[in-house]
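Heads up: the structure comes next, in structure tokens.
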Amino acid sequence: FVIPDFQDFIKDIEEMYWTAKSITDGKVASYIPQLARANSDNWGVSVCTIDGQRFSIGDVNVPFTLQSCSKPLTYAMALETLGPDVVHQYVGTEPSGRNFNELVLDHNMKPHNPMINAGAILVCSLLKSLDKPEMTLAEKFDYVMSFFSRLAGNEVLGFNNAVFLSEREAADRNYALGFYMREHKCYPDKTNLRECMDFYFQCCSMEANCDIMTIMAATLANGGICPITDEKVLRPDSVRNVLSLMHSCGMYDYSGQFAFKVGLPAKSGVSGAMLIVVPNVMGICTWSPPLDPLGNSCRGLQFCEELIKRFNFHKYDNI
Ligand code: GLN
């Protein structure tokens, strides 16, 4: 086993869970009513090792929307189907140093990276040509659902239509980003911007829970092979690219500090979820809705910092 004394490891996870549970900092996202109604007390942690050992504690079966946690996943799909050269003709690999939804492009007039809104919207426009030319919106939706599900060991994901409808209503900034990119000819030819935006909101509105998301993180930790089904879902080079950008850009404008303190690839979302990858060891998913001013889950961050105090998981430990 990759973690020989799993029972001992679980004791640490439990202690860390209870320490973080007592934190009352942060505010739940309030830009749409469905997220504003989130319960601040919810707190769940799930882990899944690359050899399939699993542990969960807290609210691990309560569904939440993926929100920005969908960004590394759609990026992975784009890499897998189109290859990194094509994808990176359209989107950069540099942290933006700005908020996730800022109206800003890089010096080449491309989105900075696929982990912020502009880049993720662009990736959604690329995914139109997935398997066969010009998939319909309905086919793309099914394709994404089943791809996410394969990453998660064939667990079934949900879709929160109320969140989708609200996202679309409260999307002035995202539309502004969409049009700004169209002005600068960022999209592939024949992109239908309205469909592309809908597709982006749909990806944000996919629903899962900690137990499901931890398997996705474990698939990334395991070089693209799902530890539950043994299916090869992603190529190793796609995984490397996804993890590199999660490492440098995954935690909004805290990414540099997170890379320094925690040293692990991770991605957070406004629903309070966090995907954390310990490469070649395990995937972790934490979920707690209250966010700090930069948009990261307060309990999730505290959990990660404590994890690194107790274990040598930081990329530059053991040197
Ligand atoms: N739906 C959110 C948005 O587009 C997702 C962003 C996030 O999770 N940070 O604004």
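Ligands are counted one by one from 1 in listed order, and the atoms in each one are counted from 1 as well. Worth knowing before you read on, the calculation uses all heavy atoms, side chains too, and leaves out hydrogens, waters and symmetry mates. These figures come from a predicted structure and were not determined experimentally.
Here the side chains of Ser68 and Lys267 are in contact, with some heavy-atom distance below 4.5 Å. Phe148 places a side-chain heavy atom less than 4.5 Å from the side chain of Leu66. Looking at Leu234 and Val242, their side chains never come closer than 4.5 Å, going by heavy atoms from C-beta outward. Contact of the Pro289 side chain with the Asn42 side chain is registered, since non-hydrogen atoms from C-beta on lie closer than 4.5 Å.
Nearest protein heavy-atom contact of atom 8 (O) of ligand 1 is Ser68 OG, 2.7 Å. Among protein heavy atoms, the minimum distance from atom 5 (C) of ligand 1 is reached at Gln67 OE1, 3.3 Å. Scanning the protein heavy atoms around atom 4 (O) of ligand 1, the nearest turns out to be Tyr200 OH, 2.7 Å.
Atoms of ligand 1 lying under 4.0 Å from any heavy atom of Val270, numbered from 1 in the order shown and given with element: 7 (C), 8 (O), 9 (N). Residue Glu167 has at least one heavy-atom neighbour below 4.0 Å for each of these atoms of ligand 1: 1 (N), 2 (C). Listed by number with element, the atoms of ligand 1 under 4.0 angstrom from any heavy atom of Tyr31 are 1 (N), 2 (C). Listed by number with element, the atoms of ligand 1 under 4.0 angstrom from any heavy atom of Cys204 are 1 (N). Of all the atoms in ligand 1, the ones that sit under 4.0 Å from a non-hydrogen atom of Tyr252 are 7 (C), 8 (O), 9 (N). Counting the atoms of ligand 1 from 1 in the order shown, those under 4.0 Å from a heavy atom of Gly269 are 8 (O).
Within the 4.0 Å heavy-atom criterion, neither part of Lys267 lies near ligand 1. With a 4.0 Å heavy-atom cut-off, ligand 1 is reached by the side chain of Asn117 but not by its N, CA, C or O.
Ring centroids of Phe159 and Phe141 are separated by less than 6.0 Å, placing the two rings close together. Aromatic ring centres of Phe55 and Phe6: separated by at least 6.0 Å.
In this structure Arg150 satisfies the salt bridge (charged side-chain N to carboxylate O under 4.0 Å, His left out) test together with Glu231, sequence neighbours excluded. With sequence neighbours excluded, the residues forming a side-chain contact (heavy atoms from CB on, under 4.5 Å) with Asp317 are Asn312, His314, listed by chain and number.
Checking only distances, Asn174 does come within under 3.5 Å of ligand 1, N or O to N or O. No N or O atom of Phe100 sits closer than 3.5 Å to an N or O atom of ligand 1.
Distances shorter than 4.0 angstrom do not occur between any heavy atom of Arg173 and any atom of ligand 1. The closest approach between a heavy atom of Phe201 and any atom of ligand 1 is not below 4.0 Å.
The aromatic rings of Phe311 and Phe313 lie parallel to each other, their planes meeting at an angle below 30°, with 60° marking the opposite boundary. Classified by interplanar angle (parallel below 30°, tilted 30° to 60°, perpendicular above 60°), the ring pair Trp43/Tyr17 is parallel.
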